[in-house]
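Each chain gets a letter, A, B and so on, in the order the sequences are listed, and its residues count up from 1. Since the model is a prediction, treat every value here as computed from it, not as a measurement.
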Amino acid sequence: MNEVTLVGLMLYLAALGELIAEKAGVLNLGVEGMMAVGGVAAFWSGTEFGNPLIGLLIAGIAGGLLALVHGLVAVVMGADQVVSGLALTILGLGMSAFLGQDYVSLPAVPQFGALPLGPLKDLRIVGPIVFNQSWLAWVAVGLGISTWFVLERTRVGLGLRAVGESAATADAAGQSVVVTRVAAVVAGGVLAGFGGAYLTLNLAKGWTEGVTAGRGWIAVALVIFGAWRPGRTAVGALLFGGLLALEPRLQTFGVEISPILISMLPYVITIGVLTAFSIQARHRPSAAPAAIGRAYRREER
Amino acid sequence: MSSPPAVELTNIWKRFPGVIANAGAELRVQPGTVHAVLGENGAGKTTLMNVLAGVYRPDEGTVLLDGVEHVFGSPADALDAGVAMVHQEFRLIPTFTVAENVALGSAPPVLRRREIEEQVADLAKRFGLQTDPRREVWHLSMGERQRVEILKALWRDATILILDEPTAVLTPAEANELGRIVAAMAADGRSIIFISHKLDEVTRFCDEATVLRGGATVAASLPVSSLDAPTLAELMVGESTLVSQRRVRNNPADPDQPVLSVRHMTVHDIHGIATVDDVSLEIGSGEIVGIAGVAGNGQRPLADAIAGLATPTQGSVRLEGDELGGAGPNVRTDAGLSYVPEDRIGVGLAPRLSVTENAMMRTYRTMGAGPMVDFGDARRHCEQLIDEFNVKTGGLDAPIAGLSGGNLQRLLVGRELATSPKALVAAQPTRGLDVQGVAAIQEVLVAQAEAGLGILLISEDLEELLALSDRILVMREGRIVAEFDAETATRAMVGEAMAGSASKREPA
Amino acid sequence: MIGLTLQRREQPLPGGQVRAVLAGAFIALLAGAVLLLLSGSNPVDVYLRMADAAFGSERAWSNTLSRAVPLGLAGLAVAVAGSMGLWNIGAEGQIIAGAIGGAWVARVLPDADGVILIPAMLIGAVIGGGLLAVIPAVLRAQLGVNEIITTLMLNEVILRVVRYLVNGIWKDPGGSGFPQAPLLPDQSALPGLFGRANIGLLIAAAVLIGFGYFASRSKWGYELRLAGSSEKTAEYAGISLRTKIMTVLTLSGAIAGLAGGIELTGSSSRLVEGVANGWGFAGIIVAALALMRPSGVALVAVFFGAVQVGGLAIQVSGVSASIANILQAMILFGALAAGVFTEYKLVRSSRSPRAAVAA
């Protein structure tokens, strides 16, 4: 069952990154590519230096750099966010395959070790599931809480959310739209890179082309399921992580429904949630940041 | 008084391509007073205020605050100097709370919500602004939203507050409330600049008034007690000695044969406010009925509802006695009702399509058999239009983006007339055109009326209404508040009805 | 202060998009060259081999054109929706849905003659792709649900469906455990044309030309352009946007479905999970580069087909085929960046607010 939290937290890292970018009004459909590049970077540097922490940092830098491309094209130059993000996925998948061709199926990499929590992990049932986690899991939890704090309780977060709701209003209040958005996109890339590192070092325990297997799209779905809130997104990550982790196992429990069909639930649920938001949006502002997907140029004011 | 004025704008000039918005405007506001800035649309009020608020940099002229010269590079610079402006479109984020909106741009690094909410509440209390800092703005009425905008300015400790037509979005009760708030701020030593068209508000809320016309100041710092409606109207619209040249028409209008009749029409906007409030009017064959009014008093939703682009909550539209009911815009066109909308590009014309494609918008359904369009037919139709209405284009297949405003409008008006309608709704048909363009469109309208077309002419240009119309209806706050025979009406009379001497009056 | 700002041109540069794509290709080749140098290959050498593999012989051309077929149809699918300002990110999934539809027909009519079976399978594919697109179409038209997300999610859903089919109820009993559907009947294979190219090329060309003609000459196409240019103008002209959104998104899915059908009957001998092969996503880039025009889609599809064939060819000599993906994405980024300059120009500006309000 540990795998539920493992998959869930990996998804959470990537989703948190997407959440930050979207809160600033930038849709980044390049999560899949950024995770792949982060994954290969972590695998390479983790093997090379024998230290997962260095692997994590390099993965974050790689993810952030790739995200910067989206920032330049979609924010600074104002090109379409959908096209730019999808191209980023294709670019990231291509780059990771290109850079990772010598690492395919290499075994033995350092993992993120468990954080000893003493007697807590010996608790019955709860212990192994909740407290027997690698330290990166706790980093993910910490990142989730700090993201919430920064967004809701700081000047930086207030400005970032303002940019995502109405770039012109934020601009008039003295908030730099371009700087805020590019920073948010890059931060999102760093977190996606972390997610990729978690994937190759602890979950897949190796690198193969296509190891991300659509998990970036789940990150996009999670942000919607979580209604652009870090807390709800965490719940969604565990739920979706659970559904996906169950995929190869359900048969052993003798459940009649195919596990493959179970694994499409996260996407169906997301469509349902989005539809509910759209119906709600007739009576109140949408849960989505209002300026999402819209480029901002001051001269058009 | 020995202390220098809080605001002193001297000889402000501001030119835009093709327009001189300010031509040596002056403004002097004493500290602790409420100062009205009055003028017609296009008199340069908003431009002058944008100069003071740092949105525009003047081409010439100086800005003095408390006797010290300032050059603003941005609204943020002006804000730092204590000048805040509440624009007509509020700059608020609907999903943010009142406190968040107020604090945006000048919040402490870490937000202690309760603390900020209390501070906002205290500030609001001090000036008598009723608001709940924890409520999200989308819940609030327009009046409450305006109070949040004022709070934003007070939060940043603005000493000079510009309110751009603040009562336009308010109910009469809310307007009275605003008057009290403004007085409280003035008592606190701040200066408030109050842009308005409405005389009664000016006399009730303000201490002094400055009147602009044609970008220049025609009366500076008059005590409001010296103002009455005729004086003000004359100041705003200019010498009443200038008699407008009426266009004489050969075929007199026949009001007894109504082609278009609108009965008890009411339109609500998305906020549930009645933008058109029980309007009834009739247009006879060959008659031109003008609608005068300050922008935003319901002219646009009225035109849209008649043309079938907006759904009225109540009321009927009849064309030659036939009820149009819920008929769509194209059905109305086919029935003989044409529409020249206020937004030429983006409603009347599609920006990225060619001249031909725009010319065929009303007739493509009958061009060519089955599902295909006969583009030969479409081009011939387009050539005819271009010829008849003297449109200069870069070619039939050129995108219309390259056409000048006058040619765009000739194309649009021509297309709407090509279907031989019985009635035409023309909204601001000559706005922004050069002299030749204006003359060409006006000639077309007169000629069509002579041929029996009934025209509803919505315009902010009084001159035009007086010259073309048979009758002039004045719209204010969604209602028809006055009717004039254009033959005998003067600019002053119509202007006075537009400005209104009471905030709400039953139809005259 | 002196700085550089972007200022809107009064008129877009004529032929700007062609220049932008060429500039993008140039930037992509340069960036790819850097990567190749870093990995120890001679870029000129690699590029020449790629070009040779894509255009050097009749067989090379047949490879390039066969790949252009799904790219072109997916690109057209995206472009149809895009010309109305809608994003169909679901072409990838609709290709799978099309292949499932085609495979289902083949299961129902295993003994039918090829003349009947092939068209029936292609119709099944069109319906399959269209059906998958009906969901986002209805949600968008009736409830305003963002079609970008719904089409994206449905990609993953339909991927699970095909996985379920080839692992479960449609699994080939004689496939020695491989997750694949049984071989299709022999007579379902599309007749060949030359080299690797088959009739699918003619079908795709006919669809592209036919649709291009219909879109530019019909009342329906005119209304589509009108709605794409300005929704308010379309309403003013009495066009129902709801109906338009429904038909356009469904049609978009149907065209992508056709690509799946052609892949199934032309290139693969059975339904497999990877039938879409990234064509749907590549199609989005194709459509974006072609500015949503059918004629442009055809050209860019052939170009991208060549890049992919070239990428596969150099794989043999140890260079990763993924260079093809990198190049495709880089071309788009380069063109997007260059495209900005067809509508904007860099001007030196003092930091006065006048520049900000000049528009």
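For a residue to count as touching a neighbouring chain, one of its non-hydrogen atoms must lie under 4.5 Å from one of that chain's; by this rule B:L353 touches chain C with backbone and side chain alike. Residue contact with chain B, scored on non-hydrogen atoms closer than 4.5 Å, is absent for C:E231. Contact annotation for B:R415: only side-chain heavy atoms (C-beta onward) come within less than 4.5 Å of a heavy atom of chain C. Proximity to chain C (any heavy atom under 4.5 Å) is restricted, for B:L349, to the backbone atoms N, CA, C and O. Using a 4.5 Å cut-off between heavy atoms, B:R352 contacts chain C through both its backbone and its side chain. Both the backbone and the side chain of B:M360 have a heavy atom closer than 4.5 Å to some heavy atom of chain C.
For a heavy-atom cut-off of 4.5 Å, chain C lies close to B:M372, B:V373, B:F375 in residues 372-382 of chain B. Residue-level contacts of residues 323-339 of chain B with chain C, in order of numbering, are B:P329, B:N330, B:Y339; threshold 4.5 Å between heavy atoms.
For chain B, the option among C:S218, C:S230, C:G228 with the highest count of heavy-atom pairs below 4.5 Å is C:S218. Between chain C and the residues B:G346, B:G370, B:G308, B:P341, the largest count of heavy-atom pairs under 4.5 Å involves B:G346.
Counting non-hydrogen atoms of other residues, nucleotides and ligands closer than 6.0 Å to CZ of C:R293 gives a total of 12 or fewer.
Judged by a 6.0 Å distance limit and a 45° cone about the ring axis, C:K219 is not positioned over the six-membered ring of B:Y364.
C:I127 contributes atom CD1, which lies 14.0 Å from atom CG of C:L132 (distance to the nearest 0.5 angstrom).
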Pair B:N50-B:T47, side-chain hydrogen bond (donor to acceptor under 3.5 Å, both in side chains): steps then yes or no: CA-CA 5 Å; B:N50 276 321; B:T47 304; 5.8 Å; no
Stepwise, does the salt bridge (Lys or Arg N to Asp or Glu O under 4.0 Å) test hold for B:D343 with B:R431? CA-CA 10 Å; B:D343 295 321; B:R431 185 158 75 186; 5.5 Å; no
Should B:L52 and B:V63 be marked as a side-chain contact (heavy atoms from CB on, under 4.5 Å) after you check the CA-CA gap, both sets of side-chain angles, and the distance that decides it? CA-CA 7 Å; B:L52 177 57; B:V63 176; 4.0 Å; yes
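Residues forming a salt bridge (charged side-chain N to carboxylate O under 4.0 Å, His left out) with B:D322 (at least two apart in sequence, or on another chain): none. Taking C:N88 as the reference, C:Q94, C:S252 meet the side-chain hydrogen bond (donor to acceptor under 3.5 Å, both in side chains) condition, with sequence neighbours excluded.
Distance alone, capped at 3.5 Å, places no donor-acceptor pair between the C:T250 side chain and the C:T247 backbone. Side chain of B:S354 to backbone of B:D397: no donor-acceptor contact under 3.5 angstrom is found. Judged purely by atom type and a 3.5 angstrom limit, C:E147 uses its side chain to pair as donor or acceptor with the backbone of C:W87.
Side chains of C:Y222 and B:R365: no donor on one and acceptor on the other come within 3.5 Å.
In this structure, B:E60 pairs ionically with B:R15, as a charged nitrogen and a carboxylate oxygen lie closer than 4.0 Å.
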